[in-house]
4 protein chains.
Amino acid sequence: MDITDPDASISSAEPKPHRGLHQKVFVNRNLTLENIRCYGFDMDYTMAIYTSPDYESMGFEMIRDKMVSIGYPHEILRYTYDPSFPTRGLVIDTKYGNLLKVDSNGNILICSHGFRFLKGENIAYYYPNKFIQRDDTDRFYILNTLFNLSETYLYTCLVDFFTRCTRYTNQEKGYQHGDLFMSFRSMFQDVRDAMDFIHNTGALKDRTIKNLEKYVVKDPNLSVLLTRIKKVAKVFLATNSDYNYTEAIMKYLLETNVKSGSPKRLWHSYFDLVVVDTRKPLFFAEGTVLRQVDTNTGKLRIGTYTGDLQHGTVYSGGSSDIVCDLLHVKGKDILYVGDHIFGDILKSKKRQGWKTFLVVPELAKELQVWEERKNLFEELKLLDTFLAETYKHLDSGSKECPDISAIQTRIKVLTHRMDMAYGQMGSLLRSGARQTLFASQLVRYADLYSSTCINLLKYPLNYLFMAPPVLMPHESVSQPAAGLVSSELSEIVKITTS
Amino acid sequence: MDITDPDASISSAEPKPHRGLHQKVFVNRNLTLENIRCYGFDMDYTMAIYTSPDYESMGFEMIRDKMVSIGYPHEILRYTYDPSFPTRGLVIDTKYGNLLKVDSNGNILICSHGFRFLKGENIAYYYPNKFIQRDDTDRFYILNTLFNLSETYLYTCLVDFFTRCTRYTNQEKGYQHGDLFMSFRSMFQDVRDAMDFIHNTGALKDRTIKNLEKYVVKDPNLSVLLTRIKKVAKVFLATNSDYNYTEAIMKYLLETNVKSGSPKRLWHSYFDLVVVDTRKPLFFAEGTVLRQVDTNTGKLRIGTYTGDLQHGTVYSGGSSDIVCDLLHVKGKDILYVGDHIFGDILKSKKRQGWKTFLVVPELAKELQVWEERKNLFEELKLLDTFLAETYKHLDSGSKECPDISAIQTRIKVLTHRMDMAYGQMGSLLRSGARQTLFASQLVRYADLYSSTCINLLKYPLNYLFMAPPVLMPHESVSQPAAGLVSSELSEIVKITTS
Amino acid sequence: MDITDPDASISSAEPKPHRGLHQKVFVNRNLTLENIRCYGFDMDYTMAIYTSPDYESMGFEMIRDKMVSIGYPHEILRYTYDPSFPTRGLVIDTKYGNLLKVDSNGNILICSHGFRFLKGENIAYYYPNKFIQRDDTDRFYILNTLFNLSETYLYTCLVDFFTRCTRYTNQEKGYQHGDLFMSFRSMFQDVRDAMDFIHNTGALKDRTIKNLEKYVVKDPNLSVLLTRIKKVAKVFLATNSDYNYTEAIMKYLLETNVKSGSPKRLWHSYFDLVVVDTRKPLFFAEGTVLRQVDTNTGKLRIGTYTGDLQHGTVYSGGSSDIVCDLLHVKGKDILYVGDHIFGDILKSKKRQGWKTFLVVPELAKELQVWEERKNLFEELKLLDTFLAETYKHLDSGSKECPDISAIQTRIKVLTHRMDMAYGQMGSLLRSGARQTLFASQLVRYADLYSSTCINLLKYPLNYLFMAPPVLMPHESVSQPAAGLVSSELSEIVKITTS
Amino acid sequence: MDITDPDASISSAEPKPHRGLHQKVFVNRNLTLENIRCYGFDMDYTMAIYTSPDYESMGFEMIRDKMVSIGYPHEILRYTYDPSFPTRGLVIDTKYGNLLKVDSNGNILICSHGFRFLKGENIAYYYPNKFIQRDDTDRFYILNTLFNLSETYLYTCLVDFFTRCTRYTNQEKGYQHGDLFMSFRSMFQDVRDAMDFIHNTGALKDRTIKNLEKYVVKDPNLSVLLTRIKKVAKVFLATNSDYNYTEAIMKYLLETNVKSGSPKRLWHSYFDLVVVDTRKPLFFAEGTVLRQVDTNTGKLRIGTYTGDLQHGTVYSGGSSDIVCDLLHVKGKDILYVGDHIFGDILKSKKRQGWKTFLVVPELAKELQVWEERKNLFEELKLLDTFLAETYKHLDSGSKECPDISAIQTRIKVLTHRMDMAYGQMGSLLRSGARQTLFASQLVRYADLYSSTCINLLKYPLNYLFMAPPVLMPHESVSQPAAGLVSSELSEIVKITTS
């Protein structure tokens, strides 16, 4: 027995086959794991899960403090991060300072101005069609990643503060203070700049590295998973982070794990290929020059490595095409696991035809709420059936006009109640019966999704992930008669199970 | 009683409230008809349904003959239109001459070369990833409309002919014949040019107008529908056709309907606004100059009408914004009924936030097949359940490897059997359990859809269309316990039904 | 002696070596004819010079009549073409209906509204900076070709008519007439459409072909030129016209020329390659599919010819790259002779590095006026010197302020007098001391230019065209001392002349 | 007398009216200073002239050292900056590692690979047409500014080193060294990154500020010029530099100048408006948010100043439109003085119609060489005349073929001799008789140019700058007869001088 094999050594901790709801991997499109010849992993929020809400709090405080240091009023220092407010996937309207939750067509589901939620006619004042043209990326900014949560909340705090502060006069596009006008747009720009500042100067990374135990979740099963996968397929890591940060995080995740007495296994050795500084989504298009990283110094080698792939070599830059070349695999044979719906999943799928696995940490809570409040959703469905009954015998010539206002009110109440169970901005994925933009992108671009990539452990690596059948409205109208099992099927069942 | 009201005069023919499956309007997103202040209609394949397959046959023969007249071999005259082959929404790969059916991510579901269907490795020869980058519109051409069916089929005939004709040598990108090379790309261009020719010279329209009874389906309920709608909302017609053709078609549809003795009602009078030459999808963006049409001569007036909207006035050009201005309505108050998923539905929805109703004439057949073969789909679902059971007690550490090849073969057989029930290229909407690009666009962009707009007659004009709940994979895993009806709901039911 | 050689047979008509000013070819950049391995010719306004103003008059009348037929008032039929008004290269401002003459930076030199010329503050009303952003091609339309002259004039007539017609009220962006508003933009669109109509329906071409003697200038020297060139280099024809028109024109130019008794020489035989339907400027970029033309029927062969170049074969479509391949020449070895500053010259130069020869028929008149009125220009120069003297002893600290208003007035008078000598809109190339956009493009992109391509006859085909030295302002300040001839030069002179 | 007025106090140093060639301002297009209502100045290389070659040497050494620190061989430390090699306006071909000097059409005038100059067929190997498509900005990088000189030279050193170093194998697109391939492209990227590093980290600025006396030329006449201009027009400063650097430089230029006893005048007070962080060329398009700078701390105020313009207020960001608004001037009333042909001059001219003054420090040397070697240019002209004579009596039918090879050789010799007088890459503005891309842009976009903006001092502020007449080739053929002065002119002369 190879004692360096974590799979072997920690077998006592081996996860049980039975899969609870939280351990499940969900399926949007059928995927045969047996055909996957190569697994790719993003690092941040994929292999490295940051502790929530501690990590977001730290980010929030750093940009908040930066804002004050560039001249924002000291009063905003009083705000602290409230994890119950922001949801991923919201949209900032930089023109009017609103925070929007929208569906895939740009219809507005929820709209807040600071912490004030706008209703009906107030929304119509800003958006007569209750609709935004998402393509106008100059005006609308989508907060797609978990990293964005702290700035989502900070922007909300700023709008809250200035709206209520008597020194400032509220105007349509910002605030007036004496001779100074502060537009929602410039406030947004300041928040973005502060965010870039703490990322680019390495300030956020420095603090994270100094407090790894506090900010990064370590799961011993990660090394088990990587070890098992590497036995059947190639494995690579592709992260937008730089080498030094990647080194610190991966060391912590994979090397500080060993029992006393076990020989140390280097984190590089879990991968066939490690690529840092990938600049996704550019990585999935033309990419950048591929450089080798000197793992002793963390510096880039000048020139591009052209020899055969050497185990444990770390690269910087490159592109998804180069990865395929180096590993001798095709796009459809790759399962890429990442957390960024746009940069990791949409682009790898649309541009390269990769198979995709989206890590959605929020799913743990989403599932819990869904379980607890499913009765609300059931009631929504019943109301639907009831409405259908109400109109059943009417057509366009009928004079009769049923009063459905009570039902409609009830639908709104139920929707709000469901939303609130998730948090103030509601669920990541829906608002009542309507799915969010994020949900629709998840369904379109991610073949698989789960709250953590570790859940792959629960499935045999030749598993056939089957998507639940998605019926179109016309197909789901009449429920099928109890399916008579065909004789061929009976035969197959016999063969397979024997 | 106003005897010019067709609603009144043909009351004996009034449709029955009970809605059969084929008379249903299906719902992707909830929509309250009561809130709709304005209905817009496209003409071709929306109000004017062309007789299938007669109309496609005529188109096919005209472009086929045109091809011969520009030098294509006389042998192709032997081909006649076969309605069982083409499906709407297919994609021509102009590089390799293949006809593709793809899903929303560009994964290939079916691939034919002429009438030969390619399998596994043959598809992989052309498309190593079994995937196309749909964005490459230079190379891939999507046949989105029913008008495209004849050219879809003609292109297939050409590939079939040249592939089998011994005078030509098959090459990767076309055919060699002595010193001449005929690329798949140039053949595609020739078909497109021929198609444009019969449309732009008016040849197709002339023949249609001369044989209205043969080529255009007349439904007396159209006037009933328009009359009823006009009582509660504004109605406009927006068509890319020119005035003379519109006049001929609409006269036939709405004016040749009257009982002897009834006073004649002009077709214009059914609409608050008629706009021809709309140049959709440009119409939903910047549009063109709005001109008035002199309905006596069919010629455009020079200059733009700036007065109040006059009943029965016909315009040419303009834009969706102008229509909103003229009718004093907002985008969200408009329900637009059209047949073109891109030009009518996607653009009006994405750019303007209109409510949308997609007319899908194929739906009649789709529903019929679905009903007849639903057992195949049921069996597919059972196989899924069975597979899940097979793997239930396994995880990534398991050595056991169930043999599921029989199941997979069976899935392929069932999928193929379902596909063939629709036609040689399968269903418009799915291939086995996977939805087509067309289906995914229909679900995303059309709020409502039905096989004909006449089906609106079956619903009261204050109807609340409710979408069936769409569960995401993680939501649909565990079926809810039989919903206990909340006490509030019981109360509502009481109120509403009393 | 080969009696089919027109060079030989019409030797009596041989042009004399001495080159008058009107027979000169002018040089913007040095060009060694000896290095030219291939000559390309456009047809329209290059080999085929259309009789001016008869041809423009015909075009004017056809679009004028078309305008009336689509509803413009019959009064405009009274306008006839006035060749003294329009100049090539003007710009229509479709927003305000003005006709502009601009320099290469977009500064306005002349501005007319109908036939009224705007002055100072009136120009400033529309263009506060006396400047337009030429990049705004949605608003500004440049009338680059001689074909555009008739529409330039017609648009001016329309603005003149409606401005003065009492039935219409003048507004900033057009005219109001009762409920109708006619914008300058829509008038422009109507003129463009009418122009496209007479071109696309072949109406203009039909009339031209029926009156070749009247509308096309036949110069017997064309065949001499082509014959001589073909002895030393390859020759091709590349025209946007279709085959039938090209055939008619070239036959007339080259085949109807022979003395009785001479055997007939086909026009194709003057060229190594003939390409019609070139769709320049697209031809100089990606181009279109290359097809062979069946010269018996004028129809396109299906498929692309792939064999060796056959003499006299006619092609349709293609691209400049294909021409280079077929003729085995490189871009820098080609001298392309055309009349379209953008489509022929700028694009072939910028995209492909071809040598370029711009045919500028107006140059005959430009040269004549320049000769006659050079004294005006001399006086302008004197005024400059005089001004310089006036300020000679002043600097930024001087209190003295010379009164130069008389000089400035005089400069305006002289400029206007020069302009009027060319026509109402002035010269094609300059306005006083300032060059037009057209002139600056001519200087930048055309290596050679002349009033007709026939002038090439006057130069040996190994000629070294030398550009006159162009001094920058700082170089031309001090006139050089009478050049002492270096001893090397004396030596060279001796060798060369001996 | 106002003793704070430097114009008054340093009158003894007042420049003499007589203008030597080096003190002249040259004119491309007439410009009446009297009409200028507002003067704008860039700072770097415009008001602040950096000492050459000391400043370039410092930049060179900083990026060279940075290159070594990221892994480039220590041998390159041996290179030191050689001011005789690089010229501004060269183009790097990142594909082949060549340095190119091109004309405005992309024709190659000079090509070097490292320090080796390529000739004829070697150039043709890389560029078969001796021509580049400048639009391909992915491949070609234009070194437009004086800041680029050091990187131009460093890139040349790198190519020189690796080409000659035996450890590396030369390949078409770079160098191979064992398993490493170093492409010309990646070397270029490394140089660019190093350049950005020393600019963005402030390293270059820090050193400059610490050695102002060494690196920045202080001219006491600058304050005289600004004082005089401010009496007759508005003055603003618009620089891409940040506030702290601007403050340090401007203080040095304008505040350290005073005689003992004179009261100190703040540098802000010379301007009506100071704008830092302008991000030209973006500044001339949509620009960025305008912020106020707190001149005590150098930090930005949050929010935008909306009150009236206050004297001495410093702003950050904004746009040219905002500047016009704040100063109440129109684009055509502004003379903008800058050193960047693209960012300052082309954009302000093309986008905004501003009058432009290009500072070309190299002009001092260019003028000197031109004066000294004008005889070479004269000889080139004589050769031209002589060639014309040679061919005078020949035409396309002539059999005679003069031998002009001696002349052509002589032309090459003279061109090379002229080029070498300027430096190894020749003149900034020409190569023999041909103008560079830089020269053609200077002529097109700069109304005025001079070696320093201080030269404006030599002209009265109501001066009429007259451009020397630019004749087109056909206009310059025949020299005009000695101009008879018209009687009107005589009259004007009398009036003006009396």
Side-chain angles (χ1 to χ4, degrees), chain C residues 14-15 17 26-28 104-105 128-131 228 330-332 349 353 367 370 374-375 378-379 381-382 384 386-387 391 393-398 401 404 406-407 410 429 433 439 444 457-464 466 468-469 472-476 480 483 485-486 489 492-493 495-496, chain D residues 14-15 17 26-28 104-105 128-131 228 330-332 349 353 367 370 374-375 378-379 381-382 384 386-387 391 393-398 401 404 406-407 410 429 433 439 444 457-464 466 468-469 472-476 480 483 486 488-489 492-493 495-496:
Chain C
E14 183 161 312
F26 301 103
V27 190
N28 287 316
S104 66
N105 287 313
N129 266 334
K130 288 197 68 172
F131 157 83
R228 286 187 182 166
K330 282 175 193 149
K332 72 177 167 58
K349 168 64 72 188
L367 282 164
W370 180 254
K374 206 154 47 181
N375 61 318
E378 287 306 307
E379 192 175 332
K381 286 207 313 202
L382 276 178
D384 187 10
F386 180 64
L387 272 173
Y391 283 100
H393 299 289
L394 304 179
D395 75 358
S396 62
S398 313
C401 179
I404 57 166
I407 300 182
R410 181 66 187 163
L429 303 166
R444 285 185 72 194
L457 260 187
K458 296 290 179 176
Y459 297 84
L461 289 169
N462 56 2
Y463 193 68
L464 179 64
M466 299 284 285
M472 293 177 66
H474 67 279
E475 295 167 338
S476 60
V485 173
S486 73
L489 178 56
I492 289 165
V493 171
I495 295 166
T496 312
Chain D
E14 182 161 312
F26 302 103
V27 190
N28 287 316
S104 67
N105 288 312
N129 265 333
K130 288 196 67 170
F131 157 82
R228 285 186 182 168
K330 283 175 192 148
K332 72 177 168 57
K349 169 65 71 190
L367 283 165
W370 179 254
K374 206 153 49 181
N375 59 322
E378 288 305 308
E379 191 175 332
K381 285 206 316 200
L382 276 177
D384 187 10
F386 179 63
L387 272 171
Y391 283 100
H393 299 288
L394 304 178
D395 75 357
S396 62
S398 313
C401 180
I404 57 165
I407 300 183
R410 181 66 186 161
L429 302 167
R444 285 184 73 195
L457 261 187
K458 296 290 180 177
Y459 297 84
L461 290 169
N462 57 1
Y463 194 67
L464 179 64
M466 299 285 285
M472 294 176 66
H474 68 279
E475 294 167 338
S476 61
S486 73
E488 288 99 327
L489 179 55
I492 288 165
V493 170
I495 294 166
T496 311

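Not measured: the values here are computed from a predicted model. Chain naming here is simple, since letters A, B, ... match the order of the sequence lines and numbering starts at 1 in each. The figures that follow rest on heavy atoms only: side chains count, while hydrogens, waters and symmetry mates do not.
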Open item on the list: Restricting to non-hydrogen atoms, name the atom on C:Met472 and the atom on D:Ala439 that form the minimum distance, rounded to 0.1 Å.
Closed with: SD-CB, 3.8 Å
Open item on the list: Looking at every non-hydrogen atom in both residues, tell me the closest pair between D:Lys332 and C:Lys130 and how far apart they are.
Closed with: CD-N, 4.4 Å
Open item on the list: If you apply the rule side chain to side chain contact (heavy atoms under 4.5 Å, CB included), what do you find for C:Leu429 with D:His474, and how did you get there?
Closed with: CA-CA 11 Å; C:Leu429 303 166; D:His474 68 279; 3.4 Å; yes
- [ ] Taking all heavy atoms of D:Val27 and all of C:Pro473, pick out the closest pair and write down the distance.
- [x] O-CG, 3.2 Å
- [ ] Indicate the atoms forming the closest heavy-atom contact of D:Ser104 with C:Arg444, along with that distance.
- [x] O-NH2, 4.4 Å
Open item on the list: Can you give me the closest heavy-atom contact between C:Lys330 and D:Pro128, atom names plus distance?
Closed with: CD-O, 3.9 Å
Task: Check: C:Glu475 and D:Leu367 side chains under 4.5 Å, non-hydrogen atoms - done: no
Task: Residue part contacting chain C, namely of D:Tyr459, when any heavy atom lies under 4.5 Å - done: backbone
- [ ] For D:Asn129 and C:Gly331, indicate whether the former's side chain and the latter's backbone hold a donor-acceptor pair under 3.5 Å.
- [x] yes
Open item on the list: Working to the nearest 0.5 angstrom, can you tell me the gap between C:Tyr463 OH and D:Ile404 CD1?
Closed with: 10.0 Å
Task: Nearest-0.5 Å distance that lies between atom CG in D:Leu394 and atom CG in C:Leu461 - done: 11.0 Å
- [ ] First locate atom OG of C:Ser398, then atom NZ of D:Lys458, and finally report the distance between them rounded to the nearest 0.5 Å.
- [x] 11.0 Å
TODO: Identify which part of C:Leu464 has an atom lying under 4.5 Å from any heavy atom of chain D, answering side chain, backbone, both or neither.
DONE: both
